[in-house]
K.L.:
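Pasting a structure here, questions to come.
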Amino acid sequence: MTGLQGKRILFGVTGSIAAYKAADWVRSLVKEEALVTVVMTGAAGRFVTPLTFSALSGNPVHHDMFDETPDRVMAHINLSRESDVVLVAPATAQTISRLAHGMADDLLATAVLAARIPVVICPAMNTSMLTHPATAANIDRLLDYGYHLVQPGSGDLACGETGDGRLADWEVARETLLSIFQTQDLKGRRILITAGPTREPLDPARFLSNRSSGKMGYALARTARRRGAEVTLVAGPVHLPDPPGVELVRVTTAAEMAQAVFDQAPSMDIVVKSAAVADFKPMACADHKIKKTGQGLQLDLVKNVDILATLGSNRRPGQVLVGFAAESRDHAGEGQRKLREKNLDLIVVNDILGARTGFDVETNQVTLIDREAATPLPLLSKEATADRIWDRIVQLLAAGFGDALV
Ligand code: CTP
């Protein structure tokens with residue numbers, strides 16, 4: 001089951017050129033098996049026809065407050081009663097102004113006014129309109145009402161200018177929707193996560209690295225954010241989209257990762273080290289490309305600092321420290337050893353030889369080992385695995401770890 005499956009979305013579309021993007025959002029929601037009902041303003045219908053939205057959502061589109069069709073009478077009240085969340089995308093300056101002032105002059109505005117469910121606003125407009133004090137004040141008012149705001153993105157705008165005001169990417173809005181349906185059990189927690197491999201340069205063209213894709217660490221960052229945490233992600237070189245709402249620090253080498261982690265860790269409540277840090281690096285990086293001379297090449301390697309072990313020996317009281325152990329044999333034994341030697345609260349052990357649990361796959365099967373128990377988890381998606389890891393960390397916090405915040 002995906003996060004939005006079965007969720008009833010009342011999708012308000014207003015009169016912006018970005019309405020064509022909303023069509024794609026509806027498609028993505030339906031693909032996830034969310035149940036989408038679209039309400040359009042009159043202006044929205046000038047950009048994209050209701051037929052497009054009814055075809056994509058599989059449901060009739062609502063736009064007329066005075067529709068006398070029996071099942072549409074009182075639609076302005078019933079639409080939100082029959083939904084879990086209202087999503088207004090794109091939300092024009094005009095619609096934002098009307099919602100901020102409690103206007104009830106069309107079906108969408110009236111349905112939002114009558115809604116007792118979460119409301120998510122996704123502005124899209126020209127930069128000057130967005131930054132005008134009137135719009136800024138209207139958005140502040142919506143935030144005061146408890147509405148959720150999906151910040152517009154930056155880039156080329158339909159008006160030919162470049163700046164803030166583009167409708168956010170679907171992935172960003174999706175994260176906001178998911179967080180609405182997610183218990184905020186990490187709210188107020190500051191969490192540092194590391195992800196991906198590190199690269200240790202050998203010469204200007206070559207490096208030593210490993211097969212880590214960063215998918216597990218990125219899944220941890222997304223899911224922690226959804227659960228309300230303030231997340232900083234220190235990531236080695238990976239090819240993954242930035243997780244929305246997460247502070248991302250990019251590094252390349254183990255030394256850079258160590259520096260970033262040591263800078264951030266003291267202020268963190270929880271540190272999760274899922275990165276596959278290179279244990280060794282070339283003693284020196286050659287200034288020029290190493291040439292083939294003779295038969296072979298001997299590399300002199302030196303040890304990198306063990307970031308996690310260093311954190312473990314300088315722990316702040318109440319800080320929760322979680323490690324990963326990617327193993328090919330004696331998983332439990334190695335997990336126990338690293339838990340003890342690195343002074344951790346929890347270690348997540350996985351089998352790197354499994355076809356569906358190794359590098360660069362979407363699934364994982366891990367065992368969670370803490371001071372008291374070893375808990376094997378089933379084969380799950382990396383996101384579902386990440387959520388189970390957070391469940392365990394929340395239990396640890398409730399049991400007295402991280403006292404400062406409990
Ligand atoms: N780790 C780290 N710094 C390193 C090496 C590892 O912080 N230089 C962290 C990893 O992020 C992981 C944990 O230590 O959370 C275990 O990493 P792993 O590579 O499995 O273990 P090692 O301690 O390197 O031991 P070995 O390679 O001998 O199995």
Side-chain angles (χ1 to χ4, degrees), residues 191-201 207-221 224 231-238 249-266 268 270-283 301-315 319-354 357-360 364-371 374 382 385-386 389-390 392-393 396:
I191 302 184
L192 177 64
I193 299 167
T194 66
T198 63
R199 282 183 188 168
E200 311 304 321
F207 52 80
L208 299 181
S209 191
N210 59 64
R211 293 174 54 205
S212 168
S213 65
K215 286 180 179 168
M216 192 62 233
Y218 273 59
L220 282 160
V231 182
T232 301
L233 176 63
V234 176
V238 297
V249 181
R250 289 184 194 283
V251 296
T252 305
T253 63
E256 288 169 14
M257 182 171 282
Q259 191 56 55
V261 169
F262 297 150
D263 285 349
Q264 302 270 349
M268 296 289 162
I270 304 167
V271 180
V272 182
K273 283 232 66 232
S274 70
V277 186
D279 288 327
F280 300 97
K281 66 175 177 184
M283 196 184 298
L301 303 179
V302 291
K303 234 175 139 187
N304 276 323
V305 60
D306 189 321
I307 306 170
L308 189 56
T310 310
L311 292 179
S313 51
N314 301 299
R315 287 170 61 137
Q319 187 175 62
V320 173
L321 205 52
V322 181
F324 269 67
E327 304 296 343
S328 56
R329 63 180 172 185
D330 189 16
H331 304 75
E334 281 298 286
Q336 298 280 7
R337 179 178 69 78
K338 290 177 186 175
L339 181 82
R340 251 189 348 267
E341 287 183 1
K342 301 196 187 197
N343 192 21
L344 310 177
D345 300 300
L346 180 69
I347 191 153
V348 181
V349 186
N350 75 321
D351 179 6
I352 52 169
L353 296 185
T357 61
F359 292 111
D360 208 13
N364 210 349
Q365 184 164 17
V366 304
T367 300
L368 307 184
I369 301 180
D370 58 42
R371 304 285 171 96
K382 285 191 170 160
T385 302
I389 294 169
W390 294 124
R392 186 72 195 115
I393 292 172
L396 290 176

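Only a predicted model underlies this, so the values are computations on that prediction, with no experimental measurement involved. Whatever order the structure lists ligands and atoms in, that order sets their numbers, starting from 1.
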K.L.:
Can you list the atoms of ligand 1 that are under 4.0 Å from a heavy atom of G323?
P.N.:
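Result: 15 (O).
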
K.L.:
With nothing but distance in play, are any N or O atoms of N304 less than 3.5 Å from an N or O of ligand 1?
P.N.:
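No, there is no polar N/O contact under 3.5 Å.
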
K.L.:
Please confirm whether A325 comes under 4.0 Å of ligand 1, counting heavy atoms of the residue only.
P.N.:
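Judged by the 4.0 Å heavy-atom criterion, A325 does count as contacting ligand 1.
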
K.L.:
Would you check whether L308 has a nitrogen or oxygen atom less than 3.5 angstrom from a nitrogen or oxygen atom of ligand 1?
P.N.:
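N/O-N/O distance under 3.5 Å: yes.
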
K.L.:
Can you list the residues that meet the side-chain hydrogen bond (donor to acceptor under 3.5 Å, both in side chains) rule with Q264, with sequence neighbours excluded?
P.N.:
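Q264 satisfies side-chain hydrogen bond (donor to acceptor under 3.5 Å, both in side chains) with no other residue.
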
K.L.:
Identify, by atom number and element, the atoms of ligand 1 in contact range of A326, meaning under 4.0 Å from any of its heavy atoms.
P.N.:
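Counting from 1, the qualifying ligand atoms are 20 (O).
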
K.L.:
Provide, to 0.1 Å, the distance between atom 11 (O) of ligand 1 and the closest protein heavy atom, together with that atom's residue and name.
P.N.:
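Going by distance alone, atom 11 (O) of ligand 1 is nearest to A275 O, 2.8 Å.
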
K.L.:
Considering heavy atoms of the protein only, find what lies nearest to atom 5 (C) of ligand 1 and give residue, atom and distance to 0.1 Å.
P.N.:
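For atom 5 (C) of ligand 1, the nearest protein heavy atom comes out as D279 OD1, 3.2 Å.
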
K.L.:
Any idea which protein heavy atom is nearest atom 28 (O) of ligand 1, and the distance to it?
P.N.:
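Going by distance alone, atom 28 (O) of ligand 1 is nearest to R337 NH2, 4.4 Å.
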
K.L.:
Look at ligand 1 and say whether K342 reaches it with a heavy atom at a distance under 4.0 Å.
P.N.:
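Yes; K342 lies near enough to ligand 1 that a heavy-atom distance drops under 4.0 Å.
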
K.L.:
Counting N and O atoms only, with roles assigned by atom type, does the side chain of D370 sit under 3.5 Å from a partner on the main chain of D345, one being a donor and the other an acceptor?
P.N.:
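No, D370 side chain to D345 backbone: no donor-acceptor pair under 3.5 Å.
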
K.L.:
Tell me: protein heavy atom nearest atom 21 (O) of ligand 1, and distance?
P.N.:
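Protein heavy atom at minimum distance: K338 NZ, 2.9 Å.
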
K.L.:
Considering only protein heavy atoms, which is closest to atom 3 (N) of ligand 1, and at what distance to one decimal place?
P.N.:
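For atom 3 (N) of ligand 1, the nearest protein heavy atom is I307 N, 3.0 Å.
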
K.L.:
Counting N and O atoms only, with roles assigned by atom type, does the side chain of R211 sit under 3.5 Å from a partner on the main chain of P197, one being a donor and the other an acceptor?
P.N.:
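No, the answer is negative, given that no donor and acceptor are paired below the 3.5 Å cut-off.
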
K.L.:
With no hydrogens and no angle check, is any side-chain donor or acceptor of E334 less than 3.5 Å from a backbone partner on R329?
P.N.:
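Checked: no pair found.
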
K.L.:
Between R337 and E327, does at least one N-O distance fall below 4.0 Å, as a salt bridge requires?
P.N.:
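A salt bridge is absent here (no side-chain N lies under 4.0 Å from a carboxylate O).
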
K.L.:
Using modelled atom types and a 3.5 Å cut-off, is there a donor and acceptor pairing between side-chain atoms of T357 and backbone atoms of Q365?
P.N.:
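It does not hold such a pair.
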
K.L.:
Using a cut-off of 6.0 Å, state whether more than 12 heavy atoms not belonging to K281 lie near its atom NZ.
P.N.:
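No, the 6.0 Å shell around NZ holds no more than 12 heavy atoms from other groups.
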
K.L.:
Which one of V348, D306, L344 has a non-hydrogen atom at the shortest distance from atom 2 (C) of ligand 1?
P.N.:
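The nearest heavy atom belongs to D306.
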
K.L.:
Less than 4.0 Å between a side-chain N and a carboxylate O, is that true for D279 and K303?
P.N.:
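No salt bridge links K303 with D279.
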
K.L.:
Looking at T198 and A278, would you say the former's side chain and the latter's main chain have a donor-acceptor pair under 3.5 Å?
P.N.:
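Yes; at least one donor-acceptor contact below 3.5 Å.
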
K.L.:
Which heavy-atom pair separates R199 from P201 by the least distance, and what is that distance?
P.N.:
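Distance-wise, the nearest heavy atoms are O-CD, 3.6 Å.
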
K.L.:
Please confirm whether V305 comes under 4.0 Å of ligand 1, counting heavy atoms of the residue only.
P.N.:
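In this structure, V305 qualifies as a contact of ligand 1 - some heavy atom is under 4.0 Å.
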
K.L.:
Can you tell me which residue and heavy atom of the protein come closest to atom 15 (O) of ligand 1, and the distance to 0.1 Å?
P.N.:
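Heavy-atom neighbour on the protein nearest atom 15 (O) of ligand 1: K273 O, 2.6 Å.
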
K.L.:
Identify the closest protein heavy atom to atom 16 (C) of ligand 1: which residue and atom is it, and at what distance?
P.N.:
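Of the protein heavy atoms, F324 O, 2.8 Å lies nearest.
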
